[in-house]
K.L.:
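First, the structure itself, so that you have it in front of you.
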Amino acid sequence: MTTIRLEEPGRFASLDSPPPAAPQPGEALVRVRRIGVCGTDLHAFSGNQPFFSYPRVLGHELGVEVLAVGAGVSRVKPGDRCSVEPYINCRKCVACRRGKTNCCADLRVLGVHVDGGMCEQLVVPARKLHPSATLSLDQLALVETLGIGCHAVERARLEPGEFALVIGAGPIGLAVMQFAAERGARVIALDVNAARLEFCRRHLGVPHAIDGAKDAALDTLRRLTLGDLPTSVFDATGSPGSMMEAFNFPAPGGQIVFVGLFQGDVTFNDPNFHRRELTLMGSRNAQSADFARIIGLIEAGRIDTTPWITHRAPLAGAASRFPEWARPETGVIKAMVEV
Ligand SMILES: [Zn+2]
Ligand SMILES: [Zn+2]
């Protein structure tokens, strides 16, 4: 079978590799059909993903079809179409024992820490497959991206009617906006890219979009919230400057959720934090229950996936498209590889 492997930053190789062995008890052999490409993949390609080790088969946003299952697997059967939860957890550590499988002490993410799905066939733990009888393969591959936003919104326990500011209108920020709106929050988008803000307004129905390049964000937030400021602030930029500025935006008693990340220190003024009794949370990956919830919401028509996919390529042509997909000015929201 064909496997596309990232050999080193900037260079993919197409390998003719043997297909995986038969699935063991608890495992499933799947045919990969769709691979979503995201920031993690593009950073690994560009060589600015810290601690990334090469060579690596990328691909963690997968829409697959089950070919065979190992002994004891009843969750899925051959022919089922599934989304893959790519977070392989140890099931023993304190986080796993408490159900926080997304931040397992020994977490291995497919396509990041271990080889992923840029290939034709793959063996995965059957417990990490989330089937749907009605979702398209494209939609199944989008579930992981949506999961990052869904989990962040679950962390925040948003209440209907509250103002939720989402900083950063890239794919992760867009996912946060969709789930925050689904929870009934009044969403305010903040970005410095006018085209992305226009996308939020037109395709996601976000009522308020602030262009941080032109407008004073704090003043505009005060005006939009009639002086209150938003009670929940999500930062999906991964930019240290933005994350540190985010401490100025929540209302007293409010909360900040860091969805994006960077390799470095976040500092903040303690009186500014304490006076308003802020809550600061990290949000990492997503949990099994988030996958099931998202599939249910898409099936019910409450999450619309039509705006997401802007670029496509077949597996054989995907490698040569990475330089283009890594440039934001090409308007890429989500590139999808078809296998
Ligand atoms: Zn991703
Ligand atoms: Zn664990």
Side-chain angles (χ1 to χ4, degrees), residues 4 6 26 32 34-46 48-52 56-64 83-118 122 124-125 127-128 130 137-152 168-179 236-238 258-262 282-291 294 303 305 308-313 318 321-322 325-326 328 332-337:
I4 306 293
L6 184 58
V32 179
R34 294 287 186 282
I35 307 155
V37 176
C38 88
T40 304
D41 305 310
L42 298 168
H43 288 306
F45 175 75
S46 309
N48 51 20
Q49 183 77 346
F51 311 121
F52 200 89
R56 178 68 66 224
V57 179
L58 303 178
H60 62 273
E61 304 181 359
L62 306 174
V64 304
S83 175
V84 177
E85 179 190 338
Y87 321 121
I88 311 299
N89 62 305
C90 78
R91 300 205 274 179
K92 293 188 209 98
C93 76
V94 59
C96 287
R97 295 198 311 271
R98 299 176 73 220
K100 295 179 72 84
T101 55
N102 57 314
C103 58
C104 165
D106 190 29
L107 190 71
R108 289 168 305 138
V109 179
L110 291 179
V112 180
H113 309 106
V114 295
D115 283 345
M118 283 193 78
L122 195 64
V124 293
R127 65 190 169 92
K128 296 292 179 184
H130 298 275
L137 290 163
D138 286 345
Q139 288 175 317
L140 289 166
L142 285 172
V143 172
E144 194 268 350
T145 295
L146 292 167
I148 310 293
C150 177
H151 183 65
I172 299 298
L174 296 177
V176 173
M177 290 175 210
Q178 276 193 307
F179 287 96
T237 63
F258 282 160
V259 197
L261 71 153
F262 75 103
S283 182
R284 185 180 181 195
N285 299 330
Q287 296 175 351
S288 299
D290 297 314
F291 280 73
I294 294 159
I303 291 286
T305 58
W308 278 89
I309 300 169
T310 50
H311 294 63
R312 284 182 186 277
R321 301 285 297 278
F322 264 64
W325 294 339
V332 62
I333 300 287
K334 177 60 66 185
M336 192 61 74
V337 178

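Counting starts at 1 for both ligands and their atoms, in listed order. One-based numbering along the sequence shown.
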K.L.:
Taking only residues two or more places apart in sequence or in another chain, which ones pass salt bridge (charged side-chain N to carboxylate O under 4.0 Å, His left out) with Glu144?
P.N.:
none
K.L.:
Taking all non-hydrogen atoms of both residues, which atom of Gly36 and which atom of Ala141 are closest, and how far apart?
P.N.:
N-CB, 4.4 Å
K.L.:
By the salt bridge (Lys or Arg N to Asp or Glu O under 4.0 Å) test, which pairs, at least two apart or in different chains, include something from residues 104-118?
P.N.:
Arg56-Asp115
K.L.:
Just so I know, are the side chains of Ile309 and Leu142 near enough to count as touching, which here means a heavy-atom distance under 4.5 Å?
P.N.:
yes
K.L.:
Check this for me, if you would: do Arg312 and Asp138 make a salt bridge, where the nitrogen-to-carboxylate-oxygen distance has to be below 4.0 angstrom?
P.N.:
yes
K.L.:
Any luck finding a side-chain donor-acceptor pair between Asn89 and Lys100 under 3.5 Å?
P.N.:
no
K.L.:
Ignoring water, what protein N, O or S atoms are under 2.8 Å from the Zn ion (ligand 1)?
P.N.:
Cys38 SG, His60 NE2, Glu61 OE2
K.L.:
Taking all non-hydrogen atoms of both residues, which atom of Ile148 and which atom of Val259 are closest, and how far apart?
P.N.:
CG2-CG1, 3.8 Å
K.L.:
Tell me, do Trp325 and Asp41 make a side-chain contact under 4.5 Å, heavy atoms counted?
P.N.:
no
K.L.:
Within the 4.5 Å heavy-atom criterion, are Thr101 and Tyr87 side-chain neighbours or not?
P.N.:
no
K.L.:
Do you know how many protein N, O or S atoms are within a distance smaller than 2.8 Å of the Zn ion (ligand 2)?
P.N.:
4
